[in-house]
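Okay, structure first, notes after.
Counting from 1, the numbers follow the sequence of the chain as shown.
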Amino acid sequence: MGFLSNKISRDEVKPGDHIYSWRQAYVYAHHGIYVGEGQVNHFTRGDGQETGTGTFLDKLVVSSAPNHGDTPCPNCGDKTKVGGVISSCLDCFLAGGDLYVFEYSVSPAIFLAKPRGGTCTIGASDPPEEVIHRANFLLRNGFGVYNVFKNNCEDFAIYCKTGLLVANTDVGRSGQAATMVAAASVVMSSPLRFVAGFGSLAVAGYGMYCVGRLVSDIGMRWDVSKVPVERLVADMDDIAGLETKPEEDDKTS
């Protein structure tokens, strides 16, 4: 792996690794957990789509589910209409792209040296056996509703690796989402209008961008807690039950 690139060969990938592959001319990356024997567990939106924002992102971020036209993958079958946490072979997960590994326990200097979010974190990974247990448990039980900013494929992989959940759900654990929010904050920031000179404006803007990314990283946030995967799923079931109960009550009344 290089200083700016986390690209690896297939021979280097290990069970429990958080891996990703760039999509759509490097607009975004799709993330998953390599669980061994050529299989990757990853989180997708229903019908094979990764976003559901109602914005232009829905057109840029397309399906991540395996799509082989009229000839389904002999290993995975036809999963173009499947959503949630799914298991795919490595070829289908990569979808023709290169293989990258997400790095954990990097220094703040290394983190900031990589200007794109979604490639590394200051946070530490749990042992591979715990990571694989979470990934397989969520494959069977789900990871909630997909949301590009609050609960996406990178959020899924980071949770599997760390067991950490964010209490404030405006932005989840995803470095890609944090990058978008940090960039938007710089553009919308009114104080920058009063900075004299283009050079000073650029420096101040980049500084704000870096700070925004750093404080949003899972290894730096204060609003995170370790949540066992069994409790996570039980809590999701409880929330789903509360959401459906009014409809059931209406039917019985």
- Task: Answer whether the closest heavy-atom distance between the side chains of T119 and Y100 falls below 4.5 Å.
- Result: no
- Query: Rounded to the nearest 0.5 Å, what separation is found between the NZ atom of K161 and the CZ atom of F102?
  - Reply: 10.0 Å
- Task: To the nearest 0.5 angstrom, please state how far the OG atom of S216 sits from the CG atom of D223.
- Result: 9.0 Å
- Taking NZ, NE, NH1 and NH2 as the nitrogens, is one of them in D98 or R10 under 4.0 Å from a carboxylate oxygen of the other? no
- Query: Are L232 and V145 grouped together when hydrophobic residues (ILVMFWY) are joined by side-chain heavy atoms under 4.5 angstrom apart?
  - Reply: no
- Task: To the nearest 0.5 angstrom, please state how far the CG atom of N41 sits from the SG atom of C153.
- Result: 13.0 Å
- Task: Check step by step if side chain to side chain contact (heavy atoms under 4.5 Å, CB included) holds for V229 and H133.
- Result: CA-CA 9 Å; V229 68; H133 168 68; 3.8 Å; yes
- Between the main-chain N or O of G36 and the side-chain N or O of Q39, is there a donor-acceptor pair closer than 3.5 Å? no
- Task: Could you tell me whether the side chains of Y104 and H18 share a donor-acceptor contact shorter than 3.5 Å?
- Result: yes
- Task: Quick one: pull up CD1 in I19 and CD1 in I8 and give me the separation to the nearest 0.5 Å.
- Result: 7.0 Å
- Which one of F43, F93, Y20 satisfies the ring-ring contact (aromatic ring centres under 6.0 Å, His included) criterion with H30? F93
- Item | From CA spacing to verdict: side chain to side chain contact (heavy atoms under 4.5 Å, CB included), V13, L99 | CA-CA 9 Å; V13 67; L99 173 62; 4.2 Å; yes
- Query: To the nearest 0.5 Å, how far apart are SG in C120 and CG in D217?
  - Reply: 7.5 Å
- L90 versus C92: any side-chain heavy-atom pair under 4.5 Å? no
- Does the side chain to side chain contact (heavy atoms under 4.5 Å, CB included) test come out yes or no for V166 and R221, once each step is laid out? CA-CA 8 Å; V166 178; R221 295 179 68 149; 2.9 Å; yes
- Task: Kindly indicate whether the side chain of E230, heavy atoms from C-beta on, has any atom under 4.5 Å from the side chain of R134.
- Result: no
- Task: Answer yes or no: are there more than 12 heavy-atom neighbours, outside E37 itself, under 6.0 Å from its atom CD?
- Result: no
- Item | Close side-chain approach of D91 to C73, heavy-atom, < 4.5 Å | no
- Donor-acceptor under 3.5 Å (N141 side chain, F137 main chain): yes
- Minimal heavy-atom distance between G32 and A157, with the atoms involved, is O-CB, 4.2 Å
- Query: With a 4.5 Å heavy-atom cut-off, do I158 and L164 have their side chains touching?
  - Reply: no
- Query: Within the distance-only criterion (no hydrogens, no angle test), does the side chain of D237 pair as donor or acceptor with the backbone N or O of A234 below 3.5 angstrom?
  - Reply: no
- Rounded distance [0.5 Å steps], CD1 in I122 versus CE in M220: 5.0 Å
- Message: For G144 versus N151, what's the shortest heavy-atom pair and its separation?
- Response: C-ND2, 4.2 Å
- Query: For K14, does its backbone N or O pair with a side-chain atom of D17 as donor and acceptor, under 3.5 Å?
  - Reply: yes
- How far apart are the closest heavy atoms of A124 and S105, and which atoms are they? CA-OG, 3.3 Å
- Query: For I218 and V224, what are the C-alpha separation, side-chain angles and deciding distance, and is it a side chain to side chain contact (heavy atoms under 4.5 Å, CB included)?
  - Reply: CA-CA 8 Å; I218 193 70; V224 296; 3.6 Å; yes
- Between the side chain of Y159 and the main-chain N/O of E154, is any donor-acceptor distance below 3.5 Å? no
- Item | H31/H42 aromatic ring centres below 6.0 Å | no
- Query: Going by atom types only, do N147 and N152 share a side-chain donor-acceptor pair under 3.5 Å?
  - Reply: no
- Verify same cluster id: V233, I33 (apolar side-chain graph, 4.5 Å): yes
- Task: For S21 and L94, work out which heavy atoms get closest and say how close.
- Result: OG-O, 3.4 Å
- Message: With heavy-atom distances below 4.5 Å as the criterion, would you say the side chains of V35 and N136 are in contact?
- Response: yes
